[in-house]
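Step one of this worksheet: look at the structure below.
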Amino acid sequence: MKKYSIAILAFALIITSCKKQLDQNSPDSVSEANAFQTLEHVQFGLNGAYARYSTYSTDMYKSALVSDEAKIGFDNAGQGALEYRYQYSSDDVTGGDVTAGYFGYYNMIDQINRVLPHVYKVDAPASAAARRDVINAQLIALRGIAHFALLKNFSKNYDPAEKLGIAIMTVSDAGAKPARNTMAESIQQIETDLSTAKAALPAVTPATFTDTVMNKVNIAAYQARIALYKRDYAAAITFATEVINSNVKALASGGDFKGIWTDENKSEILFRIRYGTSSGIGSMWTTTGGNVYIAPSDKLIETYSNNDIRKEAYIGTTGDKNYVNKFYNSSRGGRVVDLKAVRIAEMYLIRAEAYAKKEAPDLVKGAADLNELRRARITGYVNETFNSSGDLVKAVLEERFKELAFEGFRIFDLKRNNLPVERAATDAEPGWRTLPADSYRFTFPIPKQEMNVNPNMVQNPGY
């Protein structure tokens, strides 16, 4: 990464997304003035914003590295080792994997902010009015999602009084050196973007739903995720219920569930990024040659019983090596697997946790959601009942550990519940076996590059 502020983003953002698709008089010169002339050009800009959400893979990787769901693999040659050992700072050498995503998400936001002004300016027939509204809404939704990813990574747990939120960017300004907004301001903008986008989009049915674009249902899924993050449990229940009751996706079991991870089907998926030929997800863990750089932890593997379909779907074994099987292979090639950003299973877990944590806990409904998910995964499963909200919360968090492994949740689940990382003795040496719940390392550092060029940026404590 070159040294530049989050606001100093070159026109390559537009060129990368549009240049190959636009038919310009001067194809070697794509400027903002000629990049957007038709609604199709604006659509290309939106497509580029979707593609940039692939930076979510950095959340998947860093969460595994610094939590208890992964360990250093048999063939590791230093990949992620400093981060795994909690020896990271804000520089590229020691902290490249934990600062990753910072510029990626802001690049995505800048792409969106460059495209938005043109949605209602470019020439298009009157019949395209509804399409303009949809494009505009999808861009706004993606902006809210990107800002939330930054807040989750680079700010502390939600506290409306916290001053160090993130720098909110709603316009593209190459000369800006933004300061950090408060957490209250940050979450307000995120929620406003998502609610505005959702209201402008058409209704979705199981027949019209698609998992590759923003729509009312998957926006509600993100709203449920955000509500759980900010401990608004009533809202989390409402949004998760909205998604579940939409019936656009149901829990899968058996072969259908296994097929999710080889892209044989789209069961359970609410939003994904399509990877045509890229091995960007699978190769984070294992190379196409079979080298295992980052392996599933022994602690994780031991949580799966032999009659749990997730053990076979998530964990692979070759010789004496275990590897992440979740993104290992598809018909398109080794490690070429789509990025699954949101699944219906998460909605059941969000609602179960919210039922357990709300002011008047509903243990029956919370247990029902947890048991329904388990029945879809475990052959011969017998429903469990719970006598306290604490017991149910513990069970839900353990289920999230098993269900959402390597999908970018574990470190953030521990963080928002003020829980430590506790690795198994077979997974880590004593010096990096535990990360105390009050450690500053649960909040990742602002990259040194940003600090060097932006005098208004404030670093997170500890770095």
Side-chain angles (χ1 to χ4, degrees), residues 43 46-54 56 112 128-146 148-149 191 193-228 235-276 281 330-331 337-351 369 372-373 376-377 403-404 407-409:
Q43 179 69 58
L46 170 60
N47 294 349
Y50 277 115
R52 289 183 183 280
Y53 190 52
S54 62
Y56 183 74
I112 291 163
R131 186 181 175 195
R132 287 188 202 263
D133 292 340
V134 168
I135 290 174
N136 192 70
Q138 290 178 359
L139 286 163
I140 292 172
L142 288 170
R143 185 173 67 186
I145 290 167
F148 176 63
E191 292 182 319
D193 274 354
L194 290 179
S195 61
T196 298
K198 186 178 172 185
L201 289 166
V204 176
T205 68
T208 61
F209 177 81
T210 177
D211 60 13
T212 56
V213 298
M214 288 286 100
N215 52 63
K216 282 185 181 293
V217 174
N218 54 28
I219 290 175
Y222 278 100
Q223 289 176 309
R225 187 182 288 182
I226 292 166
L228 189 69
I237 291 168
T238 297
F239 289 128
T241 300
E242 179 182 348
V243 178
I244 293 168
N245 288 354
S246 71
N247 295 315
V248 301
K249 295 288 180 175
L251 291 172
S253 59
D256 286 341
F257 179 74
K258 288 172 59 179
I260 296 171
W261 309 107
T262 56
D263 293 343
E264 292 177 23
N265 64 63
K266 298 180 287 184
S267 299
E268 294 203 4
I269 303 171
L270 295 169
F271 184 58
R272 66 188 167 104
I273 300 297
R274 178 70 171 165
Y275 278 21
I281 300 296
S330 76
S331 61
V337 184
D338 293 346
L339 187 158
K340 288 83 176 176
V342 192
R343 292 190 292 120
I344 194 68
E346 183 194 352
M347 298 300 106
Y348 283 90
L349 290 167
I350 285 174
R351 195 167 67 174
D369 281 336
E372 186 164 355
L373 174 62
R377 304 290 187 255
E403 176 68 27
L404 303 174
E407 293 183 60
F409 292 96

Ion pair check, Asp211 and Arg343, cut-off under 4.0 Å: no
Using modelled atom types only, decide if a donor and an acceptor are shared between the side chain of Asn247 and the backbone of Pro206 within a distance under 3.5 Å. no
Taking all non-hydrogen atoms of both residues, which atom of Tyr222 and which atom of Ala341 are closest, and how far apart? OH-CB, 3.6 Å
Say you draw a straight line from CG of Leu194 to CZ of Arg143; how long is it, rounded to the nearest 0.5 Å? 10.5 Å
Separation between OH of Tyr56 and CD1 of Ile273, rounded to the nearest 0.5 Å: 11.5 Å
Nearest 0.5 Å please: distance from the OG1 atom of Thr241 over to the CE atom of Met347. 10.5 Å
Any Lys/Arg nitrogen of Arg225 or Glu346 sitting under 4.0 Å from an Asp/Glu carboxylate oxygen of the other? yes
Backbone N/O of Arg272 and side chain of Lys266: donor-acceptor pair under 3.5 Å: no
In chain order, what residues pass the side-chain hydrogen bond (donor to acceptor under 3.5 Å, both in side chains) check against Lys216, with sequence neighbours excluded? none
Between Asp193 (side chain) and Ala141 (backbone), is there a donor-acceptor pair under 3.5 Å? no
Could you label the plane-to-plane angle of the Tyr53 and Phe271 rings as parallel, tilted or perpendicular, counting under 30° as parallel and over 60° as perpendicular? tilted
Give a yes or no on whether the backbone of Asp263 and the side-chain of Asp338 come within a donor-acceptor separation of less than 3.5 Å. no
One pair to check against side chain to side chain contact (heavy atoms under 4.5 Å, CB included): Tyr50 and Gln138. What are the steps and the verdict? CA-CA 9 Å; Tyr50 277 115; Gln138 290 178 359; 3.1 Å; yes
Do Ser246 and Val204 have side chains that get closer than 4.5 Å, going by heavy atoms? no
Pairwise distance CZ(Arg52) to CG(Asn47) - rounded to 0.5 angstrom: 12.5 Å
What pair of heavy atoms forms the shortest contact from Val213 to Asn218, and how long is it? O-ND2, 2.9 Å
Minimum heavy-atom separation for Ile350 and Ala240, please, with both atom names. CG2-CB, 4.3 Å
What's the spacing between Ile112 CD1 and Leu139 CG if we round to 0.5 Å? 6.0 Å
What closest approach, in Å, do Ile219 and Leu201 show between heavy atoms, and which atom pair accounts for it? CD1-CD1, 3.6 Å
For Gln223, side-chain hydrogen bond (donor to acceptor under 3.5 Å, both in side chains) partners two or more places apart: Lys198
Would you please test Arg377 and Glu268 for salt bridge (charged side-chain N to carboxylate O under 4.0 Å, His left out) and show each step? CA-CA 13 Å; Arg377 304 290 187 255; Glu268 294 203 4; 2.8 Å; yes
Give me the atom names and distance for the closest heavy-atom approach of Ile269 to Lys249. O-CE, 2.9 Å
Find the distance between OH (Tyr348) and CG (Leu373) and round it off to the nearest 0.5 Å. 9.0 Å
Restricting to non-hydrogen atoms, name the atom on Val217 and the atom on Val243 that form the minimum distance, rounded to 0.1 Å. O-CG2, 3.5 Å
Worked verdict on Ile244 versus Ile344 for side chain to side chain contact (heavy atoms under 4.5 Å, CB included): CA-CA 7 Å; Ile244 293 168; Ile344 194 68; 4.2 Å; yes
